[in-house]
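Read the numbers this way: they start at 1 and go in the same order the structure lists the ligands and their atoms.
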Amino acid sequence: MFGTCFNLANIEPSSNIYGPGNRFVIWLQGCTLACKGCWNTAMWPHKENELIERQKLFNQIMDAPGIVGVTFLGGEPLQQAENLLWLMKQLSEEGLDIMLYTGYEFAEIQLCSNKQGIFNFVDILISGRYQHSLRNTNLLWRGSENQKVNFLTAKYNETTVSECNQVEIYIGEFGELSILGYPEQELINALSKPGY
Ligand code: SF4
């Protein structure tokens, strides 16, 4: 849609909650899967948000200090599959591990010729639509119980997963707060009170 540019929603160059270890995290803009109860509806439109040339994004990742890997989420990363596969290939050649969140089911990816290439590069795949009726805030890396953690390489396995919710809270230069992860509503309410 945007040639060799990614359409980005957000970037976090250092996070410890979207996969094992310290990771560069990339939210890609645009998702047509429309899961009921999705928290990221602002990331649904495929209209231009923030474009970045894929080579420039790769360089930015390689300049990030102390990361063990990269995590992609969104939005729906597999709706920018061509650039995603290109970037995953470069990253895996550099020895970085790769984690991918997708709303597509494992079998849907296997059957789709322009998506199945991810199986050559992804170490951990979080797959499946978010189902609000199965929401569980005590899960590691997932929002609902139907979503699956798939270990696709020998780098990680089930012992990496200890079920618990993780959130990260960032305090900006001017005291503004941002929360990453799947926070309980009570935490959001508490942080919204005066004094925080
Ligand atoms: S796949 Fe993710 S971003 Fe897309 S609608 Fe479902 S929960 Fe939201």
Side-chain angles (χ1 to χ4, degrees), residues 1-2 5-13 15-20 23-52 54 57 69-85 87-88 98-119 121-152 161 163-168 170 178-185 187-188:
M1 195 181 294
F2 297 104
C5 286
F6 282 103
N7 192 16
L8 295 179
N10 194 20
I11 280 179
E12 179 49 59
S15 170
N16 286 274
I17 63 168
Y18 296 104
R23 313 181 69 81
F24 196 103
V25 182
I26 301 166
W27 286 260
L28 294 176
Q29 179 70 32
C31 176
T32 59
L33 297 182
C35 305
K36 214 172 167 181
C38 170
W39 283 34
N40 287 340
T41 52
M43 295 184 196
W44 284 12
H46 270 286
K47 68 176 195 297
E48 181 178 330
N49 187 58
E50 183 187 344
L51 298 186
I52 183 169
R54 64 192 189 185
L57 181 57
V70 179
T71 297
F72 296 95
L73 64 172
E76 177 44 67
L78 287 177
Q79 292 181 358
Q80 298 188 46
E82 194 178 331
N83 285 331
L84 186 65
L85 283 167
L87 182 55
M88 284 180 170
I98 297 172
M99 182 159 164
L100 171 66
Y101 283 75
T102 177
Y104 290 104
E105 306 295 336
F106 195 94
E108 288 180 294
I109 303 168
Q110 281 178 312
L111 290 172
C112 185
S113 57
N114 77 337
K115 296 183 177 66
Q116 60 194 206
I118 62 142
F119 292 118
F121 308 117
V122 173
D123 297 287
I124 304 176
L125 174 71
I126 312 297
S127 60
R129 310 284 193 279
Y130 171 69
Q131 284 188 31
H132 198 58
S133 59
L134 298 175
R135 174 178 163 79
N136 182 339
T137 54
N138 295 312
L139 300 172
L140 183 67
W141 302 334
R142 292 102 75 213
S144 64
E145 287 169 3
N146 61 299
Q147 293 174 311
K148 301 267 186 318
V149 180
N150 308 277
F151 297 99
L152 303 182
V161 180
E163 295 290 10
C164 65
N165 186 1
Q166 296 177 327
V167 296
E168 281 179 342
Y170 290 87
S178 55
I179 309 174
L180 299 182
Y182 300 98
E184 298 270 14
Q185 191 57 47
L187 175 63
I188 299 171

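A donor-acceptor contact under 3.5 angstrom links the side chains of Tyr104 and Gln79, judged on distance only.
Here the closest heavy-atom approach between residue His132 and residue Lys36 is recorded as CB-O, 3.6 Å. Counting all heavy atoms, side chain and backbone alike, Trp44 lies closest to Cys35 at CZ2-O, 3.8 Å. Across every non-hydrogen atom of Leu8 and Ile26, the tightest pair is CD2-CG2, 3.7 Å.
At distances below 3.5 Å, at least one donor-acceptor pair connects side-chain atoms of Asn7 with backbone N or O atoms of Asn49.
Ring-plane geometry between Phe106 and Phe119 is classed as tilted, the angle between the planes lying from 30 to 60 degrees on a 0 to 90 degree scale.
Any protein N/O/S atom under 2.8 Å from atom 8 (Fe) of ligand 1 was counted, giving 1 altogether.
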